[in-house]
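Report on the structure given below.
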Amino acid sequence: MATGFDPSGRLPDIFLNTGTSSFTQFLSAAAPELLPGRRPLPPGLNAGDVAPHGTTIVAIATSEGVVMAGDRRATMGNLIASRDIKKVHPADAYSLIGIAGTAGIGIELIRLFQVELEHYEKTEGAMLSLDGKANRLAAMVRGNLGAAMQGLAVVPLFAGFDLSPVDSARAGRIFSFDVAGGLYEETGYEAIGSGSLFAKAALKKKYREGVSTEEAVRLAVEALYDAADDDTATGGPDLTRKIFPVVMTATANGTHRLSDEDITTVAEQVVSGRMENPGG
């Protein structure tokens with residue numbers, strides 16, 4: 001039960017007064033214990049050792065917007081905690097968010113961010129700008145710093161289609177964050193998670209400005225394949241179980257998740273190509 005509720009059933013004044021456009025700020029006043037970073041942990045506990053972790057996420061800017069893809073594996077130490085976790089989600093109608101780090105906190109952060117954007121739009125009657133969305137997310141990551149210092153770190157990757165771009169040829173924009181809430185806009189592509197080093201190395205060789213969405217999807221799947229090849233925490237395409245990366249796009253037409261059939265075709269092409277040249 002949220003702090004301050006009257007047993008008689010009457011809502012506290014905070015629910016009845018004109019509120020803030022930030023749902024996170026409202027929640028911090030109405031029920032701060034529900035925020036991910038406000039939950040106390042036993043002193044000295046390294047919670048990261050017992051909580052599943054998810055990696056790897058890549059984002060690519062295209063001529064139409066952005067493509068974001070994430071592998072499906074979550075690990076807990078040397079064990080595979082999940083083979084089919086979904087780490088890439090729509091943030092709102094024109095933006096995407098992916099998470100790496102503590103899976104439970106990350107999924108909760110995504111849901112809170114989705115409500116944050118929807119709450120702002122309903123309160124203000126307008127959608128936040130893409131920069132505004134990124135700044136809101138940075139503040140939420142910063143609010144989790146205490147838990148991050150005890151092993152429950154979450155680092156998101158945010159990307160979307162800018163409805164009011166400075167350069168119309170670069171409407172697809174990508175933002176990365178550090179664990180302290182630092183916000184950085186990336187150019188062309190970015191990756192996060194334990195396999196990000198290998199994913200970015202793969203993208204560095206093949207990415208070019210103005211790539212089409214179809215080509216970017218293929219690049220994203222190849223980058224995740226390379227990450228899985230060298231990072232045990234990243235899961236590659238699983239042809240046996242039919243588990244493939246989650247791939248989403250954000251364009252002028254909104255966000256869209258590619259169907260399993262489409263990703264199966266791309267993944268099979270990538271795996272087939274590597275069978276002919278395993279080292280390349």
Side-chain angles (χ1 to χ4, degrees), residues 24 27 33-42 45-59 68-91 95-117 137-138 140-159 175-181 190-199 220-221 223-225 227-228 230-238 241 243-248 255 257 260 263:
T24 305
L27 195 61
E33 71 279 3
L34 297 181
L35 290 171
R38 297 291 186 90
R39 293 171 185 163
L41 297 173
L45 171 67
N46 185 2
D49 293 338
V50 296
H53 280 64
T55 58
T56 299
I57 310 294
V58 300
M68 185 179 290
D71 81 304
R72 306 293 296 275
R73 178 174 293 178
T75 59
M76 192 163 57
N78 64 317
L79 302 176
I80 297 177
S82 175
R83 300 181 189 274
D84 59 356
I85 186 174
K86 297 176 182 177
K87 312 170 196 174
V88 176
H89 299 264
S95 61
L96 305 168
I97 179 173
I99 57 99
T102 307
I105 299 293
I107 292 172
E108 191 172 22
L109 182 71
I110 288 174
R111 291 172 178 166
L112 182 58
F113 185 52
Q114 290 169 333
V115 175
E116 174 82 3
L117 299 184
L137 183 55
M140 293 172 65
V141 174
R142 195 175 304 119
N144 191 56
L145 184 58
M149 293 298 98
Q150 297 190 61
L152 296 178
V154 174
V155 179
L157 186 60
F158 178 66
F175 300 87
S176 65
F177 307 80
D178 61 32
V179 72
E190 178 60 9
I192 60 172
S194 62
S196 60
L197 177 66
F198 310 109
V221 175
L224 291 175
Y225 185 101
D230 289 295
D231 174 44
T232 57
T234 303
D238 191 333
R241 298 181 177 87
I243 300 174
F244 302 103
V246 172
V247 182
M248 297 194 69
T255 59
R257 178 180 172 180
D260 291 340
I263 299 304

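Position 1 is the first residue of the sequence, and the numbers go up from there.
- When all heavy atoms of Val247 and Ala69 are compared, the closest pair comes out as CG2-CB, 3.8 Å.
- Between Met76 and His53 the shortest side-chain heavy-atom distance does not fall below 4.5 Å.
- Annotation: side chain to side chain donor-acceptor pair (under 3.5 Å) contacts of Ser82 (sequence neighbours excluded): Asp84.
- When side chains are defined from C-beta on, Asn144 does not count as touching Leu109, because their heavy atoms never get closer than 4.5 Å.
- A distance-only check finds no donor-acceptor pair linking the side chain of Asp238 to the backbone of Ile243 [under 3.5 Å].
- With sequence neighbours left out, Ser95 forms a side chain to side chain donor-acceptor pair (under 3.5 Å) with Asp92.
- To the nearest 0.5 angstrom, Leu112 atom CG is 14.0 Å from Ile107 atom CD1.
- Atom CD1 of Ile99 and atom CD1 of Ile85 lie 6.0 Å apart (nearest 0.5 Å).
- Residues meeting the side-chain contact (heavy atoms from CB on, under 4.5 Å) test with Leu157, sequence neighbours left out: Ile57, Ala59, Met68, Ile174, Ser176, Glu190, Ile192.
- We find the CZ-CD1 distance between Arg257 and Ile263 to be 8.5 Å, quoted to the nearest 0.5 Å.
- Remark: Tyr225 OH to Asp230 CG distance equals 10.5 Å, nearest 0.5 Å.
- The shortest distance between side-chain heavy atoms of Arg72 and Arg241 does not fall below 4.5 Å.
- Rounded to the nearest 0.5 Å, atoms CD (Glu116) and CD1 (Ile110) are 14.5 Å apart.
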